[in-house]
Amino acid sequence: MRVLGVDPGTISCGYGVVDDSFNFKAITYGAIKCKQRSPMGERLLQIFNKLNEVIKEYSPDVIAVESPFVKDNPKTAIAIGKAQAVVLLVAAQNGLECYEYPPRLIKQIVSNYGDADKSQMQKVVKMLLNLDEIPEPNDAADGLAIAMTHLQESQVNRFKNYTK
């Protein structure tokens with residue numbers, strides 16, 4: 001199974017494609033950088049177009065996206081929600097299922113620590129995917145972590161169904 005993981009954001013939208021053939025393998029990763037002062041519609045269109053390019057080039061089987069959360073700034077959560085909506089639209093347009101995971105669960109599954117910070121997550125992702133370098137920017141590492149979360153959850157669910 002090949003998963004496109006997306007860390008939604010309207011300034012920097014991280015993505016990573018991970019394949020689970022034998023071991024997890026990073027296929028590609030990066031971040032869609034949008035100009036902070038450009039109109040929201042232009043940023044969302046840029047995210048939409050780039051994710052469609054990634055899907056066309058790397059043919060994921062599913063998409064996994066981090067669900068938005070409200071910490072201290074509801075305005076930020078709304079912007080993240082808009083980027084997440086673009087991910088859901090891209091998935092539907094391409095006939096792909098899209099799974100949502102909360103940030104704390106992603107951290108718990110990938111690092112075994114639900115309060116891991118960005119730097120810790122980057123280091124764990126590098127180690128688990130046997131990458132030569134820490135994935136930069138941290139949004140790209142988050143995209144990879146989201147993809148790995150879905151792969152882990154899929155394996156657990158397959159095992160549960162197999163043992164019934």
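Residue numbers run from 1 in the order of the sequence given. None of these values were measured; they are calculated from a predicted model.
Distance check: S119 OG to N138 CG gives 9.0 Å after rounding to the nearest 0.5 Å. If you take CG on N49 and CG on L45, they are separated by 4.5 Å, rounding to the nearest 0.5 Å. Atom CG in L144 sits 12.0 Å away from atom CD1 in I106 (nearest 0.5 Å). Distance CG/D7 to CD1/I32: 10.5 Å, rounded to 0.5 Å. Atom OH of residue Y101 and atom CD1 of residue I109 lie 7.5 Å apart, to the nearest 0.5 angstrom.
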Checking K107 against D117 for the salt bridge (charged side-chain N to carboxylate O under 4.0 Å, His left out) test, could you report, in this order, the C-alpha distance in whole Å, the side-chain angles of both residues, the deciding distance, and whether it holds? CA-CA 9 Å; K107 292 174 183 182; D117 64 25; over 6 Å; no
Derivation of the side chain to side chain contact (heavy atoms under 4.5 Å, CB included) call for M1 and S154: CA-CA 9 Å; M1 176 186 297; S154 294; 4.1 Å; yes
Begin from the C-alpha positions of F48 and L89 and carry the test side chain to side chain contact (heavy atoms under 4.5 Å, CB included) through to its verdict. CA-CA 8 Å; F48 178 84; L89 178 62; 4.0 Å; yes
Could you check D142 against K118 for side chain to side chain contact (heavy atoms under 4.5 Å, CB included), going step by step and ending with a plain yes or no? CA-CA 8 Å; D142 290 347; K118 293 276 189 187; 2.4 Å; yes
Kindly indicate, with the supporting measurements, whether the criterion side chain to side chain contact (heavy atoms under 4.5 Å, CB included) is fulfilled by V65 and C98. CA-CA 7 Å; V65 63; C98 190; 3.8 Å; yes
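Looking only at side-chain heavy atoms (C-beta outward), K82 and M40 come within less than 4.5 Å of each other. The closest side-chain heavy-atom distance from P8 to S67 is not below 4.5 Å. Taking the side chain as every heavy atom from C-beta outward, N52 and Q93 approach each other to under 4.5 Å. When side chains are defined from C-beta on, Q122 counts as touching E136, because their heavy atoms get closer than 4.5 Å. Looking at F24 and D19, their side chains never come closer than 4.5 Å, going by heavy atoms from C-beta outward. A 4.5 Å side-chain heavy-atom check between I63 and H150 finds every atom pair outside the cut-off. At least one side-chain heavy atom of E53 sits less than 4.5 Å from a side-chain heavy atom of K50. The closest side-chain heavy-atom distance from V54 to V17 is below 4.5 Å.
Closest non-hydrogen pair, L96 versus P60, comes out as CD2-O, 3.5 Å. The minimum heavy-atom distance between P137 and K33, with the atom names listed, is CG-NZ, 3.9 Å. When all heavy atoms are compared, the tightest approach of A141 to P135 is CB-CG, 3.8 Å. When every heavy atom of Y15 is checked against every heavy atom of A31, the shortest pair comes out as CE2-N, 3.7 Å.
Remark: D139 engages S12 in a side-chain hydrogen bond (donor to acceptor under 3.5 Å, both in side chains) (not counting sequence neighbours).
Of the charged side-chain nitrogens involved, none lies within less than 4.0 Å of a carboxylate oxygen, so that D20 and K25 do not count as a salt-bridged pair. A salt bridge does not link D61 with R2: none of the charged nitrogens is closer than 4.0 Å to a carboxylate oxygen.
Note on I47 and I11: separate hydrophobic clusters, where clusters join Ile, Leu, Val, Met, Phe, Trp and Tyr whose side-chain heavy atoms are under 4.5 Å apart, directly or indirectly. In the hydrophobic cluster analysis, where Ile, Leu, Val, Met, Phe, Trp and Tyr join through side-chain heavy atoms closer than 4.5 angstrom, Y99 is grouped apart from V90. Cluster annotation: I55 and Y58 are assigned to the same hydrophobic cluster (Ile/Leu/Val/Met/Phe/Trp/Tyr, side-chain heavy-atom contacts under 4.5 Å, transitive). Grouping the Ile, Leu, Val, Met, Phe, Trp and Tyr side chains by contacts below 4.5 angstrom, directly or via other members, places L44 with L4. Taking hydrophobic clusters as Ile, Leu, Val, Met, Phe, Trp and Tyr residues chained together by side-chain heavy-atom distances below 4.5 Å, I146 shares a cluster with V18.
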Would you tabulate the side-chain donor-acceptor contacts of residues 123-132 under 3.5 Å, counting partners in other chains and residues two or more places apart, or write 'none'?
none

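Side-chain polar atoms of Q84 and E100 form a donor-acceptor pair below 3.5 angstrom.
A distance-only check finds no donor-acceptor pair linking the side chain of E66 to the backbone of P102 [under 3.5 Å]. No donor-acceptor pair closer than 3.5 Å links the side chain of S111 to the backbone N or O of Q108.
With a 6.0 Å radius and a threshold of 12 heavy atoms from other residues, nucleotides or ligands, E97 has its CD atom at or below the threshold.
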